[in-house]
Every structure is written in C-alpha cells, then in structure tokens.
Undergrad: 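Take a look at this one; I'll ask things after.
These numbers come from the heavy atoms of this one structure, side chains and all, not from hydrogens, waters or symmetry mates. Keep in mind the model is a prediction, meaning the values are calculated, not measured.
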Amino acid sequence: MPVITPQHEGLTKLVTLDLGHTAQGLRALFDLRIPETGEARLASPDLSEAVPAVCRADGALLYGEDGDKLGVIIETQRGQDDDKHYSWLEYIANFRAREKCRVVLTVICPDRQIARWAAKPIETGHPGLVLNPLVIGPDNTPLITDVAEALGNIGLAVISAVTKSQDPLIKEILSTLDAALSKIDQKLAGRYGQYIYVSLTGVAQKEWGNLMAMLTHPYQGEFAESLLAKGQAKGQAEEGAKMLQMLLEARGIEVSAEVRERITSCMDTAVLEEWFQRALTADCAEQVFG
C-alpha cells in the first residue's frame with residue numbers, strides 16, 4: 001500500500017478547504033458546469049460497497065441539490081499506480097449510484113511525468129466507455145505572477161503554485177500568492193498557508209517557509225497559529241506537537257526518537273510556536289530547539 005506523505009495530505013486539503021474557491025478553479029481549468037445554487041459540501045470519500053471499506057478516494061465534493069448536483073472526486077498522485085486504472089472507475093460508479101448525480105474525476109499531479117501518465121485514456125472494455133481523467137498538472141495550470149489575477153481565482157492560484165513548484169519563476173509565483181492571500185479572510189489565508197507549505201517540497205517549500213517566517217502579513221501569524229493551536233489545553237498542545245512533527249517530516253528532516261519525545265512532552269504552546277518558526281528554515285532538528 002502506498003505511503004501517505006505530508007505532501008499528499010496537504011495537497012488534498014488545499015482543494016477541500018474552500019469548496020467555492022475549488023469550484024472556481026475547476027471551472028477555469030475544465031469549463032465544468034458546476035451548480036452555483038444549493039449547498040456545496042464535503043461528501044464521504046468512502047466509495048466502497050463493501051465493509052470494511054476498500055475503495056476510498058482522497059476527497060469527494062458535492063455541489064448543488066435535488067436534480068442538479070455534481071460530484072467531484074479528488075485524487076492526488078505523486079507516483080504512478082496502475083491499480084488506479086481499475087479503482088477510479090469504481091469510485092465514479094459508486095459515487096454516482098449513491099448520490100444519483102453526475103460525477104467527474106479530478107487527479108492532481110505536481111509532477112509532469114505522472115500527470116501525463118494519469119491523463120492517458122483508460123479503456124474499460126465496454127464499447128464506447130473510456131475514462132479520461134481530468135488531470136491538474138504543470139502543463140495545464142496557469143503561471144500566475146499578477147496579484148489581481150491571483151485574487152480573482154484564489155483556488156486556481158493556490159493549486160497552480162504547487163504544480164508550478166519546479167518552474168524557474170517559482171519565487172515570483174509564491175511572492176504573488178503571498179500578497180494575494182494577505183487580502184482575503186486571514187484565518188482562511190492562514191490555513192491555505194499551512195497546506196501550501198506541506199504540499200511543496202525542496203526549494204519551493206523553503207522559499208514559502210521564508211515568506212511565512214517574515215511575518216509581514218497578519219495571515220502569516222494565523223498560519224503558525226493554525227498549526228500550533230495556541231492555548232492552554234493539553235489537547236491543543238498535543239495537536240501543536242503533532243503538526244510540528246508533520247512540518248519536520250514534510251521538510252525531509254529526520255525526527256529521531258529523542259526529538260519526537262522532546263516535542264510530544266512539551267505542553268507549552270508558546271514554546272511550540274517558537275520551535276515551529278525555527279523549523280521553517282532549519283536544516284536539522286537540532287536547530288529547531290536553539
């Protein structure tokens with residue numbers, strides 16, 4: 001079974017965080033007819049008819065109501081998995097049968113080679129029934145370096161920044177996104193900042209970490225606060241410790257048993273916040289503790 005990485009989780013969270021922004025991005029990329037009336041909501045990603053479930057998508061969204069609904073299955077692929085050519089059709093069939101509505105499959109692939117693999121038509125064997133996944137990758141997302149353009153479609157700007165992470169202009173792309181996020185609801189922007197960080201890797205992740213560490217916009221404080229769950233309750237400190245470990249793992253920094261013990265035993269959220277700020281640019285776990 002494939003290992004679920006922080007990058008995988010972060011990317012899925014980005015497209016399920018604000019369903020209105022996601023709908024706007026999908027319309028721009030694929031000209032989808034997504035209902036604008038009725039409630040947009042997360043649906044169960046369990047798309048199996050069996051118990052225990054063996055057919056589970058990364059995410060499932062449901063737009064509209066009554067006879068005008070659209071289901072959107074979200075899959076994140078960072079590697080090639082030929083078994084998906086069999087399970088993706090099952091996801092669609094089960095979601096369609098459960099909700100009695102139209103359903104589309106969207107596959108997010110930050111890697112160009114994986115995106116090309118995912119976009120290949122899948123022959124089902126039934127005459128005329130061919131599955132063509134809607135793939136979001138480096139080649140069909142726009143390069144957004146204008147703040148007004150990013151503000152006009154935040155959902156697309158966010159996902160484009162991740163899929164363009166290897167682009168030579170990535171610093172300009174991320175700077176533009178940073179400026180755009182500073183102009184929307186700050187709590188929402190802070191959560192976007194969190195999931196963007198764990199979705200990125202390498203140079204792009206370090207650049208985003210540098211931007212967040214500057215604290216030039218109010219939402220960057222929300223970014224840290226959303227990860228560390230400021231407060232005095234034990235449960236909040238435990239959640240902060242968990243997210244700090246996730247942050248280190250996302251950056252490829254080894255978390256030894258000793259480091260893990262030091263983090264999980266800390267019940268002071270102010271200390272956790274300080275460690276988190278250092279973790280944004282640290283080269284090793286030791287630098288986190290100062």
Undergrad: Could you please spell out the steps behind the side chain to side chain contact (heavy atoms under 4.5 Å, CB included) verdict for V15 and I136?
TA: CA-CA 11 Å; V15 293; I136 301 175; 6.0 Å; no

Undergrad: If you compare all heavy atoms of L156 against all heavy atoms of P142, which two are closest, and at what distance to 0.1 Å?
TA: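 That closest heavy-atom pairing would be CD2-CG, 3.7 Å.
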
Undergrad: Taking C-beta and beyond as the side chain, do Y219 and D185 meet within less than 4.5 Å on heavy atoms?
TA: no

Undergrad: Taking it one step at a time, do M212 and H217 satisfy side chain to side chain contact (heavy atoms under 4.5 Å, CB included)?
TA: CA-CA 9 Å; M212 295 301 99; H217 301 304; over 6 Å; no

Undergrad: Considering residues, nucleotides and ligands other than K13, do more than 12 of their heavy atoms fall under 6.0 Å from its NZ?
TA: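 Atom NZ in K13 is not crowded, with 12 or fewer foreign heavy atoms closer than 6.0 Å.
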
Undergrad: Is it the case that over 12 heavy atoms from other parts of the model lie below 6.0 angstrom from the NZ atom of K69?
TA: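 Count over threshold, so yes.
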
Undergrad: Please check if the side chain of S165 supplies one atom and the backbone of A161 the other of a donor-acceptor pair under 3.5 Å.
TA: no

Undergrad: Do the side chains of K120 and P133 get nearer than 4.5 Å, heavy atoms only?
TA: no

Undergrad: Taking atom CD as the centre, does E65 end up with more than 12 heavy-atom neighbours from other residues, nucleotides or ligands that are less than 6.0 angstrom away?
TA: yes

Undergrad: Any side-chain to backbone donor/acceptor pair from W208 onto T201? Under 3.5 Å, distance only.
TA: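 A pair under 3.5 Å: no.
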
Undergrad: Can you measure from CD1 (I34) to CZ (R27) and round to the nearest 0.5 angstrom?
TA: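 Answer for the CD1-CZ pair, I34 versus R27, is 5.0 Å.
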
Undergrad: Do L248 and I263 come close enough that some side-chain heavy atom pair is under 4.5 Å?
TA: yes

Undergrad: With a 4.5 Å heavy-atom cut-off, do Y195 and L11 have their side chains touching?
TA: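 The answer is no, as the side chains (C-beta and beyond) never meet within the 4.5 Å cut-off.
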
Undergrad: Return the minimal non-hydrogen interatomic distance between V72 and L26, and the atom names on each side.
TA: CG1-CD1, 4.0 Å

Undergrad: Would you indicate whether R78, at its atom CZ, is surrounded by more than 12 heavy atoms from other residues, nucleotides or ligands within a distance under 6.0 Å?
TA: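 Counting other residues, nucleotides and ligands, CZ of R78 exceeds 12 neighbours.
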
Undergrad: Does a donor on one side chain sit under 3.5 Å from an acceptor on the other, for H21 and N153?
TA: no

Undergrad: Check for a donor-acceptor pair, side chain of N140 on one end and backbone N or O of V135 on the other, with a separation under 3.5 Å.
TA: yes

Undergrad: Is a side-chain donor-acceptor pair under 3.5 Å present for D82 with W117?
TA: yes

Undergrad: Can you see which heavy atom on D46 is nearest to which on R98, and at what distance?
TA: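 The answer is O-NH1, 3.0 Å.
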
Undergrad: Are L42 and L14 connected, step by step, through hydrophobic side chains (Ile, Leu, Val, Met, Phe, Trp, Tyr) whose heavy atoms are closer than 4.5 Å?
TA: yes

Undergrad: With the 4.5 Å side-chain cut-off for hydrophobic clustering, are V103 and L131 part of the same group?
TA: yes

Undergrad: How long is the straight-line distance from CD of E9 back to CG of D58, given to the nearest 0.5 Å?
TA: 7.5 Å

Undergrad: State, with a plain yes or no, whether a side-chain heavy atom of D178 is found less than 4.5 Å away from one of Q220.
TA: yes

Undergrad: Does R116 reach the main-chain N or O of D111 with its side chain, forming a donor-acceptor pair under 3.5 Å?
TA: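 A pair under 3.5 Å: no.
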
Undergrad: I'd like to know if the side chain of K164 reaches the main chain of P138, judged simply by a donor and an acceptor atom lying under 3.5 Å from each other, with no hydrogens or angles considered.
TA: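 Confirmed, K164 side chain pairs with P138 backbone.
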
Undergrad: Step by step, work out the side chain to side chain contact (heavy atoms under 4.5 Å, CB included) result for S87 and D81.
TA: CA-CA 10 Å; S87 59; D81 181 359; over 6 Å; no

Undergrad: CG of L200 to CD of E207: how many Å apart, nearest 0.5 Å?
TA: 10.5 Å

Undergrad: Can you tell me how far OG1 of T22 sits from CD1 of I159, rounded to the nearest 0.5 angstrom?
TA: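 Output value for this atom pair is 8.0 Å.
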
Undergrad: Can V147 be reached from M214 by stepping across I, L, V, M, F, W or Y side chains whose heavy atoms are under 4.5 Å apart?
TA: yes

Undergrad: Taking atom CG of N132 as the centre, does the number of heavy atoms from other residues, nucleotides or ligands within less than 6.0 Å exceed 12?
TA: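 Atom CG in N132 is packed in, count exceeds 12.
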
Undergrad: Charged N to carboxylate O under 4.0 angstrom, R112 versus D139?
TA: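 Looking at D139 together with R112, the answer is yes, because their closest N to O distance falls below 4.0 Å.
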
Undergrad: Under 3.5 Å, is there a donor-acceptor pair between the side chain of S175 and the main chain of K171?
TA: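 Not a single qualifying donor-acceptor pair exists.
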
Undergrad: State, to 0.1 Å, how close I253 and C284 come at their nearest heavy-atom pair, and which atoms those are.
TA: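 That would be CG2-C, 3.9 Å.
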
Undergrad: Please determine, by modelled atom types, if T176 and T145 share a side-chain donor-acceptor pair under 3.5 angstrom.
TA: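 There is no such pair (donor and acceptor under 3.5 Å, judged by atom type) between the side chains of T176 and T145.
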
Undergrad: Ignoring hydrogens and angles, tell me if any N or O in the side chain of Q186 forms a donor-acceptor pair with the backbone of I184 under 3.5 Å.
TA: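 Yes: the side chain of Q186 pairs with the backbone of I184.
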
Undergrad: Could you check whether any side-chain heavy atom of Q245 comes within less than 4.5 Å of a side-chain heavy atom of V259, counting everything from C-beta outward?
TA: no

Undergrad: Side chains of R56 and Y91: any donor to acceptor distance under 3.5 Å?
TA: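 The answer is no; no qualifying pair exists.
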
Undergrad: Got a second to check how far L174's CG is from L169's CG, nearest 0.5 Å?
TA: 11.0 Å

Undergrad: Between CD of Q80 and SG of C109, what distance do you get to the nearest 0.5 Å?
TA: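 Those atoms lie 10.5 Å apart.
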
Undergrad: For the CZ atom on R33, are there more than 12 heavy atoms of other groups (residues, nucleotides or ligands in this structure) within a distance under 6.0 Å?
TA: no

Undergrad: Looking at Q113, I want to see if its CD is surrounded by more than 12 non-hydrogen atoms of other residues, nucleotides or ligands under 6.0 Å.
TA: no

Undergrad: Decide yes or no for H85 and E123: does some side-chain heavy atom of the first lie under 4.5 Å from some side-chain heavy atom of the second?
TA: no

Undergrad: Taking all atoms of both residues into account, what is the closest heavy-atom pair of R41 and E39, and its distance?
TA: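 It is NH1-O, 2.6 Å.
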
Undergrad: Take atom NZ of K206 as the centre, draw a 6.0 Å sphere, and report whether it contains more than 12 heavy atoms from other residues, nucleotides or ligands.
TA: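 Counting other residues, nucleotides and ligands, NZ of K206 stays at 12 neighbours or fewer.
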
Undergrad: Are any of the side-chain nitrogens in E274 or R278 under 4.0 Å away from the carboxylate oxygens of its partner?
TA: yes

Undergrad: Would you check, one step at a time, whether the test side chain to side chain contact (heavy atoms under 4.5 Å, CB included) holds for F276 with V288?
TA: CA-CA 7 Å; F276 169 74; V288 172; over 6 Å; no

Undergrad: Side-chain contact, heavy-atom cut-off 4.5 Å: I73 with V104?
TA: no

Undergrad: At their closest point, which heavy atom of L247 faces which heavy atom of Y197, and how far apart are they?
TA: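 For L247 versus Y197, the nearest heavy atoms are CD1-CE2, 2.7 Å.
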
Undergrad: Give a yes or no on whether the backbone of G79 and the side-chain of Q77 come within a donor-acceptor separation of less than 3.5 Å.
TA: yes

Undergrad: Donor-acceptor check, side chain of E99 to backbone of F95, threshold 3.5 angstrom: yes or no?
TA: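 Flag not set: sc E99 to bb F95 has no pair under 3.5 Å.
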
Undergrad: Spell out, as yes or no, whether a donor-acceptor pair under 3.5 Å connects the side chain of Q24 to the backbone of G20.
TA: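 Such a contact is absent between Q24 side chain and G20 backbone.
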
